[in-house]
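Working notes, beginning with the structure itself.
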Amino acid sequence: MAVTGTDHEEFVRLTDPYRRELLAHCYRMLGSADEAEDLVQETYLRAWRSYDGYEGRASLRTWLHRIATNTCLTALEGRARRPLPSGLGGPSEAPEEVLSAPVTDVPWLRPLPDALLDPATVVAARGSLRLALVAALQHLPARQRAVLILRDVLAWRASEVATLLGTSPVAVKSTLQRARARLDEVAPDEDLLAEPEGAADREVLDRYMAAFEHADMDALIGLLQEGVELEMPPNPEWFSGRKNVLRFLASRAHHRAGIARMLPTRANGQPAVAMYLRDEDGVFRAHSVQVLTVRQGTVTRITAFLDAGLFEGFGMPRVLS
């Protein structure tokens with residue numbers, strides 16, 4: 001049967017509502033918003049090419065997720081995982097020392113701007129987009145990752161996953177057990193189970209931004225949990241414990257009042273800030289996107305992505321006047 005322009009209009013009308021949900025799915029698999037967007041485009045291209053054969057035996061949502069999952073699995077063949085610095089080794093014990101050169105040959109994990117998703121998708125994710133979980137998922141082989149996401153996040157039946165992967169429900173259940181066991185080894189339960197706290201998170205974020213902009217170490221002491229961690233990809237060093245994190249921040253030349261400006265945003269369903277530093281010409285230029293893990297009114301983890309190229313995806317300017 002020939003596919004007509006009317007068919008294409010129908011395809012767009014019926015499938016477009018799932019685009020952002022598919023973006024979240026591909027991001028969980030890949031750990032990169034840019035790559036996830038590319039694979040969503042590839043998913044829709046593949047879906048359109050086979051649309052005339054879609055007979056409705058599965059829901060359209062399930063059909064699109066099948067295509068997206070297979071697209072991701074193909075893209076992940078032979079690829080290294082996307083880590084954070086804390087996933088590659090222990091913390092640094094010398095906060096005052098000069099950081100080593102950024103490591104550019106590692107495909108670092110990247111944040112997912114909430115702005116790329118609709119609010120319903122963020123709410124429905126129920127923590128499955130949090131950085132800690134996405135980083136943990138990177139430790140799983142691609143098929144284990146797919147099985148765990150399909151079963152535990154999307155709530156697919158074992159038989160549905162088996163059909164997708166060309167295996168048996170028994171094999172799917174075994175794979176899921178191995179994936180869950182590995183996840184327990186590499187991810188703290190509290191990071192995986194923590195849920196956003198809404199207004200409380202925003203209050204912490206406001207206090208965090210004010211403390212940085214005024215270089216108020218006392219305010220930071222009151223915000224950071226004793227076991228707080230700070231990592232800054234693409235720098236391989238990371239720091240654990242409030243004392244070491246504060247020593248590192250105090251040793252930085254830019255940690256002075258009036259040097260930094262911050263704008264609030266959100267990433268991975270978590271509070272985040274876009275940080276700008278003032279250059280010698282007085283212009284504030286993009287420095288980092290910092291994603292905060294907040295629990296019970298304190299910051300437990302700061303993941304500062306030192307990449308001005310991320311600002312566009314967050315709808316943030318590179319320069320503030």
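The model shown is predicted, which means the values in this text are computed figures rather than measured ones.
- Using a 4.0 Å cut-off between charged side-chain N and carboxylate O, Glu37 and Arg19 make no salt bridge.
- Hydrophobic clustering (ILVMFWY, side-chain heavy atoms < 4.5 Å, transitive): Leu310 and Trp108 are in distinct clusters.
- We find the OG1-CZ distance between Thr300 and Arg242 to be 13.0 Å, quoted to the nearest 0.5 Å.
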Run the side chain to side chain contact (heavy atoms under 4.5 Å, CB included) test on Arg82 and Arg110 for me, step by step, so that the C-alpha distance in whole Å, both residues' side-chain angles and the decisive distance to 0.1 Å come before the verdict.
CA-CA 8 Å; Arg82 284 186 172 273; Arg110 297 165 69 83; 3.9 Å; yes
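- Within a 6.0 Å radius of CZ in Arg61, more than 12 heavy atoms belonging to other residues, nucleotides or ligands are found.
- In this structure, a donor-acceptor pair under 3.5 Å is absent between the side chains of Asp16 and Tyr44.
- The side-chain heavy atoms of Val228 and Arg301, taken from C-beta on, include no pair separated by under 4.5 Å.
- Side-chain contact annotation: Gln41 with Arg46, donor-acceptor N/O pair under 3.5 Å absent.
- The side-chain heavy atoms of Asn235 and Pro85, taken from C-beta on, include no pair separated by under 4.5 Å.
- Proximity of a side-chain donor or acceptor of Asp216 to a complementary backbone N or O of Ala219 within less than 3.5 Å is detected.
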Check step by step if side chain to side chain contact (heavy atoms under 4.5 Å, CB included) holds for Ile67 and Trp63.
CA-CA 7 Å; Ile67 297 172; Trp63 183 66; 3.8 Å; yes
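- The CG atom of Asn268 sits 7.0 Å away from the CG atom of Asp114 when rounded to the nearest 0.5 Å.
- Using the six-membered ring where Trp is involved, Phe212 and Tyr208 have ring planes that are tilted, between 30° and 60° apart.
- Using modelled atom types and a 3.5 Å distance limit, the side chains of Thr175 and Arg143 yield no donor-acceptor pair.
- Residues Tyr51 and Glu10 bring a donor and an acceptor atom of their side chains to less than 3.5 Å of each other.
- Val12 and Pro17 get closest at one heavy-atom pair: O-CD, 4.5 Å.
- Closest non-hydrogen pair, Gly87 versus His139, comes out as O-CE1, 4.3 Å.
- Using a 3.5 Å distance cut-off with no hydrogens or angles, the side chains of Arg178 and Ser174 do pair a donor with an acceptor.
- For Thr167 (side chain) and Thr163 (main-chain N/O), no donor-acceptor pair under 3.5 Å exists by modelled atom type.
- When all heavy atoms are compared, the tightest approach of Arg20 to Ala115 is NH1-O, 4.4 Å.
- Taken from OG in Ser159 to CG in Leu164, the straight-line distance is 11.5 Å, to the nearest 0.5 Å.
- Counted by atom type alone, Glu237 and Ser100 present one or more donor-acceptor pairs between their side chains at under 3.5 Å.
- Heavy-atom minimum distance, Asp307 versus Gly309: OD1-N, 2.8 Å.
- Between the side chain of Arg285 and the backbone N or O of Val319, no donor-acceptor pair lies under 3.5 Å.
- When atom types are taken as modelled, the side chain of Glu213 and the backbone of Met262 share a donor-acceptor pair closer than 3.5 angstrom.
- The backbone N or O of Leu22 lies less than 3.5 Å from no partner atom in the side chain of Tyr27, so there is not a single donor-acceptor pair.
- Remark: side-chain polar atoms of Arg261 are not paired, donor with acceptor, to backbone N or O of Leu277 under 3.5 angstrom.
- Residues forming a ring pair (Phe, Tyr, Trp, His ring centres under 6.0 Å) with Phe311 (at least two apart in sequence, or on another chain): Tyr276.
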Which is it for Gln138 and Arg145 under the side chain to side chain contact (heavy atoms under 4.5 Å, CB included) test, yes or no, and what are the steps along the way?
CA-CA 8 Å; Gln138 295 295 305; Arg145 200 180 309 171; 3.6 Å; yes
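- At distances below 3.5 Å, not a single donor-acceptor pair connects side-chain atoms of Ser50 with backbone N or O atoms of Gly53.
- With contacts defined as side-chain heavy-atom distances shorter than 4.5 Å, the pair Val289/Val273 does not qualify.
- Looking at every heavy atom in both residues, Leu183 comes nearest to Ala136 through CD1-CB, 3.5 Å.
- At least one side-chain heavy atom of Phe305 sits under 4.5 Å from a side-chain heavy atom of Leu84.
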Start with the C-alpha gap between Glu35 and Arg79, add the side-chain angles, then the distance that decides, and say whether salt bridge (charged side-chain N to carboxylate O under 4.0 Å, His left out) holds.
CA-CA 13 Å; Glu35 286 193 8; Arg79 287 200 190 182; 2.5 Å; yes
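- Here the straight-line distance linking atom CD of Glu9 with atom CG of Leu14 works out to 11.5 Å at 0.5 Å rounding.
- In the hydrophobic clustering of this structure, Leu23 does not group with Leu45; members are Ile, Leu, Val, Met, Phe, Trp, Tyr whose side-chain heavy atoms approach within less than 4.5 Å, directly or through other members.
- The hydrophobic clustering, which links ILVMFWY residues whose side-chain heavy atoms are closer than 4.5 Å, places Leu230 and Met217 together.
- Under 3.5 Å, the side chains of Thr74 and Thr71 contain no donor-acceptor pair of N or O atoms.
- Glu231 and Ser86 form a side-chain donor-acceptor contact under 3.5 Å, judged by distance and modelled atom types alone.
- Using cut-offs of 30° and 60° on the angle between ring planes, the pair Trp48 and Phe11 is tilted.
- Residues Val134 and Leu88 do not share a hydrophobic cluster, clusters being chains of Ile/Leu/Val/Met/Phe/Trp/Tyr side chains in contact below 4.5 Å.
- At least one donor-acceptor pair under 3.5 Å links the side chain of Trp238 to the backbone N or O of Gly89.
- Between the CG atom of Leu246 and the CG atom of Asp218 there is a distance of 10.0 Å, given to the nearest 0.5 Å.
- Taking all atoms of both residues into account, the shortest heavy-atom contact from His25 to Ala68 is CD2-CB, 4.1 Å.
- The existence of a salt bridge linking Arg247 and Glu96 is confirmed by a sub-4.0 Å separation between a basic side-chain nitrogen and an acidic carboxylate oxygen.
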Apply the test side chain to side chain contact (heavy atoms under 4.5 Å, CB included) to residues Val103 and Val106: give CA-CA distance (whole Å), side-chain angles for both, the deciding distance (0.1 Å), then the verdict.
CA-CA 6 Å; Val103 177; Val106 171; 3.4 Å; yes
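- To the nearest 0.5 Å, the span separating CZ on Arg180 from CD on Gln177 amounts to 8.0 Å.
- Residues Gln270 and Thr293 bring a donor and an acceptor atom of their side chains to less than 3.5 Å of each other.
- Using a distance-only test at 3.5 Å, with no hydrogens or angles considered, no donor-acceptor pair links the side chain of Ser288 to the main chain of Gln290.
- Using modelled atom types, no side-chain atom of Arg157 and backbone atom of Glu160 make a donor-acceptor pair closer than 3.5 Å.
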